[in-house]
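One structure is given here, and the rest of the page talks about it.
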2 protein chains.
Amino acid sequence: MESEAVILALAALAQSTRLDVFRLLVSREPAGVPAGEIARELAVPANTMSAHLSVLTRAGLVRSERRSRSIIYRADLEHFRSVATFLLKDCCGGRPEVCAPLVADLTPCCPPKEPAHG
Amino acid sequence: MESEAVILALAALAQSTRLDVFRLLVSREPAGVPAGEIARELAVPANTMSAHLSVLTRAGLVRSERRSRSIIYRADLEHFRSVATFLLKDCCGGRPEVCAPLVADLTPCCPPKEPAHG
DNA sequence: TCCATAATTCCAGACTTATAGAATTATAAT
DNA sequence: ATTATAATTCTATAAGTCTGGAATTATGGA
């Protein structure tokens with residue numbers, strides 16, 4: 001993950017409509033949501049929403065796939081996680097005390113598996 | 001942590017000079033760095049840097065304190081962590097599989113304490 | 001007081017982003 | 001072919017951001 005990709009992702013999420021879109025898509029994984037329904041649920045005109053979805057796509061945070069007349073959008077959770085990792089590693093590397101409480105906070109909601117093998 | 005505060009923080013970090021500043025300040029904790037030295041190290045004019053520092057301050061990511069003629073800037077790691085927590089909790093709540101690998105990735109660099117007590 | 005240093009604020013120009021109406025493209029049903 | 005639905009692209013406007021020169025404020029030393 002390069003820092004330019006991180007900046008793109010941060011900029012994409014630093015806008016209320018787009019943050020709402022991403023949260024909606026995360027909550028609707030893995031089914032995804034058609035563009036029109038996203039626009040309807042968030043009460044934003046379809047063309048405006050299309051512009052926002054394009055920003056999220058360029059940032060790598062969402063992917064889309066046509067299904068008949070609809071275009072289904074889904075959150076790219078792996079990309080999101082790699083952005084978070086980049087950001088946290090930066091401070092974690094030098095400052096373990098930053099990440100320790102965060103890990104402690106996150107651990108209860110995540111299955112206590114053994115360390116990743118990838 | 002409200003979502004408006006998160007958007008402010010994301011917007012502040014979604015700019016290369018400011019991301020560099022924040023990384024520099026994280027690496028220089030807890031001593032901090034005077035404004036002029038930040039500008040010099042990142043090769044940015046003092047007034048331009050001042051504008052960036054002001055954005056980071058409004059976003060709650062840095063704090064400053066005058067020491068004689070210098071103004072010392074420091075990263076606010078707690079605020080940064082609460083931004084990260086907000087973002088991750090959102091996906092963690094619905095999608096544990098997102099956070100599990102991240103926690104696994106972060107754990108090795110952080111002391112394996114028992115869960116937080118705050 | 002006078003000067004030097006450190007940082008900020010003021011200001012203007014160039015650039016980018018957010019928004020949405022109108023037009024267009026793509027798909028499917030009749 | 002015609003019509004309807006779903007989404008995007010075109011275009012324009014309003015608003016916001018990034019940048020840095022010039023002026024200003026704050027501090028400290030001679």
Side-chain angles (χ1 to χ4, degrees), chain A residues 3-25 28 31-76, chain B residues 3-25 28 31-76:
Chain A
S3 94
E4 199 180 317
V6 171
I7 284 174
L8 220 53
L10 294 175
L13 293 176
Q15 205 279 343
S16 59
T17 300
R18 288 195 297 262
L19 185 55
D20 288 344
V21 169
F22 187 71
R23 299 219 262 166
L24 173 65
L25 291 180
R28 299 284 198 86
V33 185
E37 191 177 330
I38 300 173
R40 216 172 309 120
E41 289 195 27
L42 299 182
V44 170
N47 60 346
T48 300
M49 182 53 77
S50 186
H52 285 308
L53 288 169
S54 147
V55 171
L56 285 165
T57 301
R58 269 198 303 279
L61 290 165
V62 308
R63 294 182 174 284
S64 60
E65 177 198 0
R66 180 177 281 276
R67 184 142 61 202
S68 176
R69 268 175 297 194
S70 296
I71 292 180
I72 311 295
Y73 281 84
R74 289 191 51 193
D76 188 329
Chain B
S3 93
E4 200 181 317
V6 171
I7 284 173
L8 221 53
L10 294 175
L13 293 176
Q15 205 279 341
S16 61
T17 300
R18 289 195 298 263
L19 186 55
D20 287 344
V21 169
F22 188 71
R23 298 218 261 168
L24 173 65
L25 291 179
R28 299 284 198 88
V33 185
E37 192 178 328
I38 299 173
R40 216 173 309 119
E41 290 197 27
L42 299 183
V44 169
N47 60 348
T48 300
M49 183 53 78
S50 187
H52 286 307
L53 288 169
S54 148
V55 171
L56 286 165
T57 301
R58 269 199 303 280
L61 289 165
V62 308
R63 294 181 174 284
S64 60
E65 176 198 1
R66 180 176 280 276
R67 183 142 62 200
S68 177
R69 267 175 299 193
S70 295
I71 293 182
I72 311 296
Y73 280 85
R74 289 191 51 195
D76 189 330

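Chain letters run A, B, ... following the sequence lines, proteins first and then strands; every chain starts at 1. On a predicted model such as this, the values are computed, not experimentally measured, just so you know.
- Summarising the geometry of A:Arg74 relative to A:Leu25, their closest heavy-atom pair is C-CD1, 4.2 Å, with the distance given to 0.1 Å.
- Here the shortest heavy-atom pairing between B:Ala14 and A:Ile7 reads O-CG2, 3.6 Å.
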>> I need a per-nucleotide contact map over nucleotides 11-16 of chain C, read 5' to 3'. Cutoff is protein heavy atoms under 4.0 Å; write B for the base, S for backbone only, - otherwise.
In response: ------
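- Under a cut-off of 6.0 angstrom, the local environment of CZ in B:Arg28 is crowded, with over 12 non-hydrogen atoms contributed by other residues, nucleotides or ligands.
- Atom OH of B:Tyr73 and atom C1' of C:dT8 are 8 Å apart (whole Å).
- Atom NE2 of residue B:His52 and atom CG of residue B:Asn47 lie 10.0 Å apart, to the nearest 0.5 angstrom.
- Nearest heavy-atom pair, B:Ala46 versus B:Ala39, reported as atom, atom and distance to 0.1 Å: CA-CB, 4.2 Å.
- Within a 6.0 Å radius of CZ in A:Arg23, more than 12 heavy atoms belonging to other residues, nucleotides or ligands are found.
- The CZ atom of A:Arg63 lies 15.5 Å from the CD1 atom of A:Ile72; values are rounded to the nearest 0.5 Å.
- For residues 37-65 of chain B, proximity to DNA chain C is found at B:Ala46, B:Asn47, B:Ser50, defined as any non-hydrogen atom under 4.0 angstrom from a strand atom.
- When DNA chain D is scanned 5' to 3' for any atom under 4.0 Å from a heavy atom of chain A, the first and last hits are D:dA4 to D:dT9.
- Taking only side-chain nitrogens and oxygens, A:Arg18 comes nearer than 4.0 Å to OP1 or OP2 of C:dA18.
- With the nearest nucleotide of DNA chain C identified for both A:Thr17 and A:Ser68, A:Thr17 has the one nearer the 5' end.
- In terms of heavy atoms, B:Ala9 sits closest to B:Leu61 at O-CD1, 3.8 Å.
- In this structure, CZ on A:Phe22 lies 8.0 Å from CG on A:Asp76, to the nearest 0.5 angstrom.
- Closest approach of A:Glu41 to A:Leu24, counting heavy atoms only: OE1-CD1, 3.6 Å.
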